[in-house]
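Worksheet: one structure, shown below.
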Amino acid sequence: MPRHLKIIHLKTVTSTNDYAHKLAEKGEKEITVVLADEQTKGRGRLKREWRSPKNKGIYASFILRPKNRGKIPLLCLIVSLSILKALKDILPLKIKWPNDLMAGNKKIAGVLLEANTGPTHEKFVIAGIGLNLDTEKKDLPLHATSVYLETRKHYASGGIFNKIIKEFIRLYRDFNKNELKAVLEEIKLNMETLNKPVKVRIKNQWIKGIASGLAEDGALILKDKDKNLKRIVCSEIIHLKTRSANGRKG
Ligand code: BTN
């Protein structure tokens with residue numbers, strides 16, 4: 001592990017993101033990672049619950065103080081890519097923009113990025129990772145899965161966690177140097193959202209279109225029905241079903 005990395009390992013916590021947030025407010029340096037065996041109030045995006053049973057998943061939050069402040073939404077995809085790369089020899093995954101990792105059509109991991117960016121605030125970002133590792137069906141929402149459910153094998157969480165950190169540190173270095181060409185290519189290559197019909201929520205409205213590109217800062221470029229291009233940052237997204245030549249939805 002690199003010298004500038006600090007890991008705080010807790011048995012139980014409400015949410016590693018909340019714990020990391022408090023530490024960051026007190027001036028904790030990057031990169032500090034808060035890791036927990038279980039969370040009693042794990043959170044996902046849009047105030048959803050993130051089920052976090054004891055020793056069944058990886059629940060961790062990174063305290064970051066990124067230099068490349070104009071491109072913070074891209075960090076969400078960089079964290080997702082780190083998880084995908086860490087698991088590549090175990091299970092093929094795809095990134096569903098902006099923060100989900102999918103095994104087939106089931107969610108296996110999610111990233112919760114919370115930035116403290118106001119002018120009067122100390123600037124930091126908390127990047128929370130939830131990976132369902134040994135989680136059983138009964139402990140998961142309907143459209144979710146775990147590494148165990150997909151492979152029927154038990155993997156040690158420590159080994160996978162170390163790999164995620166290793167991948168992340170390399171990608172984060174490029175992010176801070178604004179050397180993004182290779183990173184963006186790799187994200188696009190592994191993103192299931194691109195070139196698909198989708199509908200995204202902008203404020204209270206759903207807009208349909210084709211996910212036609214990814215901007216340098218991680219925003220999705222949506223081409224609407226009038227061929228106008230719109231930049232979408234961290235929105236809720238639904239992949240729409242396409243019809244194949246035989247008329248079946250797929
Ligand atoms: C999502 O898919 O909506 C994001 C899920 C993020 C869950 C992780 S688990 C560790 C960290 N602490 C939390 O409370 N949430 C994130």
Side-chain angles (χ1 to χ4, degrees), residues 7-25 28 30-64 72-84 86-87 93-116 124-135 139-147 157-158 160-162 164-165 168 187 190-193 200-201 218 220 232-239:
I7 297 174
I8 299 174
H9 191 166
L10 307 169
K11 281 201 162 58
T12 182
V13 70
T14 49
S15 152
T16 54
N17 261 41
D18 293 346
Y19 194 96
H21 197 283
K22 283 188 193 131
L23 285 180
E25 275 182 333
E28 185 72 35
E30 73 166 8
I31 297 174
T32 295
V33 186
V34 179
L35 172 72
D37 294 343
E38 82 174 329
Q39 297 184 117
T40 53
K41 275 193 185 157
R43 297 186 281 113
R45 282 180 72 232
L46 309 165
K47 299 196 177 135
R48 291 183 184 134
E49 174 196 16
W50 187 264
R51 296 187 200 166
S52 317
K54 192 169 182 178
N55 295 331
K56 298 286 183 186
I58 293 180
Y59 321 117
S61 299
F62 291 57
I63 297 176
L64 305 172
I72 283 175
L74 181 62
L75 268 178
C76 202
L77 294 166
I78 285 182
V79 177
S80 297
L81 184 63
S82 314
I83 304 172
L84 179 147
L87 288 174
L93 301 179
K94 283 279 182 193
I95 298 172
K96 181 179 169 203
W97 182 94
N99 75 319
D100 293 347
L101 273 162
M102 309 296 290
N105 58 3
K106 295 198 169 144
K107 178 161 169 168
I108 197 160
V111 177
L112 180 64
L113 200 79
E114 295 178 317
N116 202 35
F124 60 82
V125 171
I126 307 297
I129 293 177
L131 168 66
N132 302 325
L133 194 59
D134 261 346
T135 335
D139 291 326
L140 288 170
L142 193 58
H143 298 293
T145 189
S146 67
V147 175
S157 66
I160 293 178
F161 179 62
N162 286 346
I164 295 173
I165 288 184
F168 176 74
I187 291 171
N190 288 292
M191 215 168 104
E192 67 163 24
T193 313
V200 296
R201 180 144 71 179
L220 190 74
I232 317 289
V233 182
C234 281
S235 164
E236 195 171 356
I237 189 164
I238 293 178
H239 286 204

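For ligands, and for the atoms within them, numbers begin at 1 and follow the listed sequence. Just so it is clear, the model here is predicted, and its values are computed rather than measured.
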### Task
Report yes if some N/O of T16 lies less than 3.5 Å from some N/O of ligand 1; otherwise report no.
yes
### Query
Any side-chain donor paired with an acceptor under 3.5 Å for S61 and T16?
yes
### Task
Evaluate the side-chain proximity of I7 to I165: yes if any heavy-atom separation is below 4.5 Å, no if none is.
yes
### Query
N99 heavy atoms, cut-off 4.0 Å: which ligand 1 atoms fall inside?
1 (C), 2 (O), 3 (O), 4 (C)
#### Entry: Per-atom contacts of ligand 1 with G42, taking only distances under 4.0 Å to non-hydrogen atoms
14 (O)
#### Entry: Enumerated ligand 1 atoms positioned under 4.0 Å from heavy atoms of V111
4 (C)
### Query
Side chains of L113 and I72: closer than 4.5 Å at any heavy-atom pair?
yes
### Query
Is any side-chain heavy atom of I232 less than 4.5 Å from a side-chain heavy atom of W97?
yes
## Note on the structure
Nearest non-hydrogen protein atom to atom 3 (O) of ligand 1, with distance, is R45 N, 2.6 Å
### Query
Counting distance only, does the side-chain N/O of Y59 pair as donor-acceptor with the main-chain N or O of K54 below 3.5 Å?
no
### Numbering as shown, the atoms of ligand 1 that approach S61 to under 4.0 Å (heavy-atom distance)
11 (C)
### Query
Would you call I83 and V111 a side-chain contact if the rule is heavy atoms closer than 4.5 Å?
yes
### Message
Out of all atoms in ligand 1, which are within 4.0 Å of some heavy atom of R43? Include the element for each.
### Response
5 (C), 6 (C), 7 (C), 13 (C), 14 (O), 15 (N), 16 (C)
### Salt bridge flag under 4.0 Å for residues D139 and R51
no
### Task
Measure the distances from the heavy atoms of Q39 to every atom of ligand 1 and state whether one is below 4.0 angstrom.
yes
### Message
Side chain, backbone, both or neither: which applies to K107 and ligand 1 if a contact is any heavy-atom pair less than 4.0 Å apart?
### Response
side chain
### Task
Can you sort out which atoms of ligand 1 are near A60, meaning under 4.0 Å from one of its heavy atoms?
10 (C)
### Nearest protein heavy atom with distance in Å, relative to atom 5 (C) of ligand 1
W50 CE3, 3.4 Å
### Task
Any atoms of ligand 1 less than 4.0 Å from a non-hydrogen atom of G44? List them with their elements.
1 (C), 3 (O), 4 (C), 5 (C)
### Query
Is T193 reaching over with its side chain to a backbone N or O of M191, donor-acceptor style, under 3.5 angstrom?
no
